Amino acid sequence: MTEVAGVDGAPGGWVVARVRPGAVRWDVVPDAAAVLDVTAGCAAVGVDIPLGVHATAGRRECDDATARRLGKARSSVFPAPPREVLTAPDHPTACERARALTGKAISLQTFHITPRILDWDAVADRPAHVVEVHPELSLRTLAPDVTFTSKKTARGAGQRIAALARWVDPTLALADLPTGARLDDILDALAAAWSAQRWARGEADVLGPEHDDRGRPMFVAV
């Protein structure tokens, strides 16, 4: 296995898991540009954030496809609002814009991740090997026999560690974790790296492929 990376949001930035045979390396970095720097040379990078959004109205097909595949766990999908909503200065304004464009307000949780979406949206030339992933879907694909509970609970964390152990040795992956990232962020980054590996091998399922208004591809790789 060549080196692949998984990326998840962490307080103040992004946590990056770089995985190769016999080793997992961790970084916590402040922005998308720094992610691209530390993952230079990786065969694929899976990022848990919408990569590409519509300019004004319209839902992303990949959000709907991911929700359908997750079934009862579809609440973990936060559909990416249009770019005009993302640039709103506060949640009430974002809701007002969203209602005008889509007919629905956005949740406070979605509003809180808008800076992260804009961080990646500002990358002028996103490399083709950097793809959007959804860790909850990655885990359910890796371990379809497991009924996962909340990742915020001890049981949920244990289930995720056990599922990821089917792919990577947890004594290697979790032996020396970085400061500045929570355990659920760490496990999501590893799950993202699993999907990145599948993308690098040409084995990934591609959900809802389309293009944004700038011609950039939008899809979720599993």
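Small disclaimer: the values here were computed from a predicted structure and weren't measured.
In terms of modelled atom types and a separation under 3.5 Å, the side chain of Q159 and the main chain of T147 share a donor-acceptor contact.
Judged purely by distance below 3.5 Å, without hydrogens or angles, the side chains of T110 and S107 pair a donor atom with an acceptor atom. In this model, a donor atom of one side chain and an acceptor atom of the other lie less than 3.5 Å apart for T93 and D90. W14 and D27 share no donor-acceptor pair across their side chains, judged by distance under 3.5 Å alone.
Salt bridge annotation for E132-R60: present, with a cationic side-chain nitrogen under 4.0 angstrom from a carboxylate oxygen. Contact check on R116 versus D119 returns no salt bridge, with no Lys/Arg side-chain nitrogen under 4.0 Å from an Asp/Glu carboxylate oxygen.
Counting non-hydrogen atoms of other residues, nucleotides and ligands closer than 6.0 Å to CD of E96 gives a total of 12 or fewer. Within a 6.0 Å sphere centred on CZ of R214, other residues, nucleotides and ligands contribute more than 12 heavy atoms.
Of all heavy-atom pairs spanning A157 and L187, the tightest one is O-CD1, 3.8 Å. Nearest heavy-atom pair, F111 versus A94, reported as atom, atom and distance to 0.1 Å: CD1-CB, 3.8 Å. Nearest heavy atoms, D8 versus A189: CB-N, 3.9 Å. Residues G46 and A196 approach most closely at N-CB, 3.5 Å, considering heavy atoms. Shortest non-hydrogen contact noted between W26 and D176 is CD1-O, 3.8 Å. Among all heavy-atom pairs drawn from A124 and R216, the shortest one is O-NH2, 3.3 Å.
V19 has its side chain within reach of W167: a pair of non-hydrogen atoms, C-beta onward, lies under 4.5 Å apart. Using a 4.5 Å cut-off on side-chain heavy atoms (C-beta onward), V16 and V28 make no contact. Side-chain contact between D205 and R198 is present, with at least one heavy-atom pair separated by less than 4.5 Å. Inter-residue side-chain proximity for V133 and V222 is flagged as unmet; no heavy-atom pair is nearer than 4.5 Å. Looking at P81 and L86, their side chains come closer than 4.5 Å, going by heavy atoms from C-beta outward. Looking at heavy atoms from C-beta onward, L174 lies in side-chain contact with L190 at the 4.5 angstrom threshold. Between R25 and E3 the shortest side-chain heavy-atom distance falls below 4.5 Å. Contact annotation: the side chain of C42 never approaches that of V4 to less than 4.5 Å [non-hydrogen atoms, C-beta and beyond].
Interatomic distance, CG of L142 versus CG of L137, reported as 11.0 Å (0.5 Å rounding). Note that the CG atom of L108 and the CD1 atom of I113 stand 11.0 Å from one another [nearest 0.5 Å]. To the nearest 0.5 Å, the span separating CZ on R83 from CG on D121 amounts to 4.0 Å. To the nearest 0.5 angstrom, Q197 atom CD is 10.0 Å from S195 atom OG. Taking OG1 of T141 as the reference point, atom NE2 of H134 lies at 11.0 Å (rounded to 0.5 Å). One finds the NZ atom of K152 at 3.5 Å from the CG atom of D184 (value rounded to the nearest 0.5 Å).
F148 and L183 fall within a single hydrophobic cluster, where Ile, Leu, Val, Met, Phe, Trp and Tyr side chains are chained together by heavy-atom contacts under 4.5 Å. A continuous path of ILVMFWY side-chain contacts below 4.5 Å connects V168 to I186, so both sit in one hydrophobic cluster. Residues V45 and V29 are members of one and the same hydrophobic cluster, defined by side-chain heavy-atom contacts under 4.5 angstrom among Ile, Leu, Val, Met, Phe, Trp and Tyr. Placement of L36 and V131 in two distinct hydrophobic clusters is found when ILVMFWY residues are connected by side-chain heavy-atom separations under 4.5 Å, directly or transitively. A single hydrophobic cluster is not seen to contain both V206 and V220; linkage of ILVMFWY side chains at heavy-atom distances under 4.5 Å, directly or through other members, places them apart.
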Q: Check step by step if side chain to side chain contact (heavy atoms under 4.5 Å, CB included) holds for D64 and R68.
A: CA-CA 6 Å; D64 292 336; R68 286 194 299 270; 3.7 Å; yes
(Q) As a quick check of understanding, evaluate side chain to side chain contact (heavy atoms under 4.5 Å, CB included) for L118 and T87, giving each step before the final call. (A) CA-CA 8 Å; L118 289 170; T87 57; 4.3 Å; yes
Q: Evaluate the side chain to side chain contact (heavy atoms under 4.5 Å, CB included) criterion for residues V24 and R18: first the C-alpha distance (whole Å), next the side-chain angles of each, then the deciding distance (0.1 Å), finally the verdict.
A: CA-CA 6 Å; V24 178; R18 288 180 287 164; over 6 Å; no
Q: Kindly indicate, with the supporting measurements, whether the criterion side chain to side chain contact (heavy atoms under 4.5 Å, CB included) is fulfilled by L51 and M218.
A: CA-CA 6 Å; L51 298 180; M218 292 191 296; over 6 Å; no
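Under the rule for a side chain to side chain contact (heavy atoms under 4.5 Å, CB included), the partners of P217 that lie at least two apart in sequence or sit in another chain are R126, H211, F219.
The side-chain hydrogen bond (donor to acceptor under 3.5 Å, both in side chains) test with E136 singles out one residue from R74, K151, R160, and that residue is R160.
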